[in-house]
Amino acid sequence: MSVLVFAENWEGRFKKSTYEAVSYAAEIARQLNTSCTAVVIGAVSEEDKKGLGKYGATKVLSVANDKLKNLEAGVYTHILGDAAKSVGATHVVISFTYTGKAIAPRLSVRLKAGLVSGAIALPTSLSPFTVRKKCYSGKGLTDVVISSEIKMVAITPNSYKVNTGGADAAVEVFSPAIPDGEFKVVSKEVKKTSGKIALTEAELVVSAGRGMKGPENWGMIEQLAEALGAATACSKPVADMGWRPHHEHVGQTGITIGPNLYIAIGISGAIQHLAGVSSSKVIVVINSDKEAPFFKAADYGIVGDAFSVVPQLVEAVKKLKAAHN
Amino acid sequence: MKFLVCISNVPDTTTKIAFSDNKGLNPAGVQFIINPYDEIALTRALEIKEAAGGTVTVLHVGGAGAEPNIRKALAIGADDAIRVNAEPTDAYFVACQIADIAKKNGYDVILTGRESIDYNGAQVAGMIAELMNIPCISVATKLDIAGTEAVLEREIDGGKEVVSVALPFVASAQKGMSEPRIPNMRGIMTARTKPLQVVEPVAADCITASTAYELPPAKQACKMISPDNVSELVDLLHNEAKVI
């Protein structure tokens, strides 16, 4: 029995979601009285690999292969499947990121392991192995029982706290033979969302809707996001009208997010939008219409004109940051 | 070019979800639709077929209750449909059914939505690909096919990536791949006579089960702040909510 976790990196650096996944896996291992092994694929510094021990991994299997720079889900699955077999993994944890979404279902089939994707908390029971996740795009919660021998969990970013305090992990080179024929996806171009914070992993999100009246008024939204160190998001109508890119659309048919703080400006709060943001820890709504349904789902609200409230908010945030720096 | 588009039957996005005894969705008053991402996949398959020729088959795993939506997919333009007559109990079971049919019939491109809006698992596409040992491009925002090669754009952590892949392959559709269409009258009329084949499932295990449901906890009352005192909001977020 042992727990395996895929420690994802982006251009050689681990992300917060990686530390969350390792912490989550290590806690399951602790409850099962066993150890947690992390798999790292790609060029990550030895220091960072050893450092996964801080989050509870006792061993790190390090896979280096020049061909693995891009996401080749079939090959990643091969590596993780072999790693799971080599450590006798009974439980596998992966982040529910785009990378995780590409790999987890394949690995689930390869290991014939039931998969709960989008878990939001530790298992509520280890036997039967039961994990809670959101369903109906955040409008409901469901407990999923895994009945297969090996259990897999894909954990939603920003839903489990990072634990620290462990000692350095032992790093071992792991090099399963991957035949060339398994590389089937050719990467032609990577378009980075430069300098900005990824919406799916952001702790703070500033979002705006039709109340902004036009794309030319987004400057103040971006200023507020910048002052807070937040990602920007938008409502569906705004993305549909082309005011903002589709990848910013949060809601039932967009991205589902669960940041610590979600500030909604000029968004009425249709049920589809609420579904995508309902797991935000704190919601602030700024809207000129006091009847906007979003206020019912909010923790803090301001009824007022965004064009006067938002610039004031930017100033107040800057003042706070200045006082604490 | 042979397309297989897998469609799922889900509650309309405006549905207010309620559960019966926490055992499952209370279907009273719920209208079911084609999963919106599946519809994006379907439309893109039809666009490519119209430009380059081929056939588009839609496949649904589920009971007869979904037939109006299968007919809708035919009305939008799919050529024929297959329904696997079984409860779609978990993603693995569904993927086994689809992979079995795909192996028998041999498709060039298998499309799904990036996730269904009921269970949000994002599992079926990758599972089909692994069962068939072919590549899967998940969360694809663009799809073009030239000859035996496809070029797709997909979402990755930190941005987007353009990739190419040889046929056959699986892809899961994300917004941006196409704009769904509304069926026209001619489509609705011809849909009635298009073939809808009902087949029995192959044996496959279910390895997960949703055993209980509940609604998310209700929010406390919203604390209102005067628009003339915006700095109070910042104070509350800093000192009370401790999020900034």
Side-chain angles (χ1 to χ4, degrees), chain A residues 10 71 73-74 77 97-99 101-102 105-106 108-110 114-118 134-137 139-148 184-193 198 228 246 252-253 260-261 271-272 278 282 295 297-304 309 312-313 316-317 320, chain B residues 11 13-14 16-17 19 36 91-92 95 117-123 125-127 129-131 135-139 151 155-166 175-176 207-216 219-220 222-225 227 230-231 233-234 236-238 241 243-244:
Chain A
W10 169 242
L71 172 61
T77 300
T97 54
Y98 287 120
T99 305
K101 284 176 189 180
R106 295 199 81 120
S108 154
V109 168
R110 182 158 298 211
L115 165 65
V116 177
S117 43
K134 283 186 274 184
C135 59
Y136 299 104
S137 306
K139 293 177 188 172
L141 301 168
T142 181
D143 291 326
V144 184
V145 174
I146 302 178
S147 53
S148 53
K184 293 173 181 171
V185 179
V186 181
S187 176
K188 298 180 100 82
E189 187 190 353
V190 173
K191 303 172 183 173
K192 281 184 224 169
T193 343
L228 285 165
H246 274 305
Q252 182 152 10
T253 53
N260 296 343
L261 173 63
I271 188 166
Q272 299 97 317
S278 61
V282 174
F295 284 115
D299 299 279
Y300 301 101
I302 295 180
V303 178
V309 171
Q312 291 183 55
L313 196 51
V317 170
L320 175 84
Chain B
T13 55
T14 56
K16 195 166 189 304
I17 296 294
F19 297 115
Y92 180 72
I117 61 165
D118 51 4
Y119 284 88
N120 311 100
Q123 296 188 12
M127 286 179 166
E130 184 68 18
L131 288 164
C136 176
I137 308 301
S138 46
V139 203
V151 174
E155 306 242 20
I156 55 170
D157 296 297
K160 287 185 177 175
E161 184 183 25
V162 180
V163 297
S164 69
V165 67
K175 264 195 141 190
I207 48 183
T208 59
S210 267
T211 52
Y213 298 82
E214 63 183 71
L215 295 175
K219 276 268 179 191
Q220 302 275 314
C222 176
K223 203 176 257 188
M224 300 308 290
I225 294 137
V230 171
S231 60
L233 173 64
V234 175
L236 287 166
L237 292 176
H238 181 65
V243 288
I244 61 171

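Below, chain A is the first sequence line, B the second, and so on; all start at residue 1.
In summary, the side chains of A:Asp143 and B:Thr211 do not present any donor paired with an acceptor at a separation below 3.5 Å, with no hydrogens or angles considered. Between the side chains of A:Gln252 and B:Thr13, no donor-acceptor pair of N or O atoms lies under 3.5 Å.
If you measure heavy-atom distances from A:Thr99 to chain B, the contacts under 4.5 Å come from both the backbone and the side chain. Interface remark: A:Leu320 contributes side-chain atoms only to the contact with chain B (heavy atom separation under 4.5 Å). For A:Leu228, the part sitting under 4.5 Å from any heavy atom of chain B is the side chain, from C-beta outward, and nothing else. With a threshold of 4.5 angstrom between heavy atoms, B:Ile117 approaches chain A through its backbone and through its side chain. With a 4.5 angstrom heavy-atom cutoff, B:Pro216 touches chain A via backbone and side-chain atoms both. Using a 4.5 Å cut-off between heavy atoms, B:Val243 touches chain A through backbone and side chain atoms alike. For B:Gln220, the part lying near chain A is the backbone, with the side chain staying farther off; criterion is any non-hydrogen pair under 4.5 Å. Interface residue B:Lys175: only side-chain heavy atoms are found under 4.5 Å from chain A.
Distance CD1/B:Ile156 to NZ/A:Lys191: 11.0 Å, rounded to 0.5 Å. Atoms CG and OG1, from A:Leu71 and A:Thr97 in turn, are 9.0 Å apart once rounded to the nearest 0.5 Å. Between atom OH of residue B:Tyr92 and atom CG of residue B:Leu131 there is a gap of 6.0 Å, rounded to the nearest 0.5 Å.
Taking chain B as the reference chain and counting heavy-atom pairs below 4.5 Å, the highest number among A:Gly304, A:Ser117, A:Ser278 is found for A:Ser117. For the set A:Val317, A:Leu261, A:Thr253, the entry with the most heavy-atom pairs within less than 4.5 Å of chain B is A:Thr253. Residue with the most contacts toward chain A among B:Asp157, B:Val165, B:Thr208, B:Val163: B:Asp157 (heavy-atom pairs, distance under 4.5 Å). For the set A:Val145, A:Thr77, A:Val303, the count of heavy-atom pairs under 4.5 angstrom toward chain B peaks at A:Val145. Heavy-atom pairs under 4.5 Å with chain B were tallied for A:Phe295, A:Tyr300, A:Trp10; the largest tally goes to A:Tyr300. Ranked by non-hydrogen atom pairs under 4.5 Å with chain B, the options A:Val282, A:Leu313, A:Val116, A:Asn260 are led by A:Leu313. Between chain A and the options B:Ala212, B:Ala166, B:Pro36, heavy-atom pairs under 4.5 Å are most frequent for B:Ala212.
Under the side chain to side chain donor-acceptor pair (under 3.5 Å) criterion, B:Lys223 pairs with B:Glu240, sequence neighbours left out. Residues passing the side-chain contact (heavy atoms from CB on, under 4.5 Å) test with A:Ala316 are B:Ser231, B:Val234, sequence neighbours excluded.
For the residue pair B:Asn120 and A:Ser137, the shortest heavy atom distance occurs at OD1-N, 2.8 Å.
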(request) Apply the test side chain to side chain contact (heavy atoms under 4.5 Å, CB included) to residues B:Ser210 and B:Tyr119: give CA-CA distance (whole Å), side-chain angles for both, the deciding distance (0.1 Å), then the verdict. (result) CA-CA 10 Å; B:Ser210 267; B:Tyr119 284 88; 3.6 Å; yes
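Distance alone, capped at 3.5 Å, is enough to place a donor-acceptor pair between the A:Ser147 side chain and the B:Ile207 backbone.
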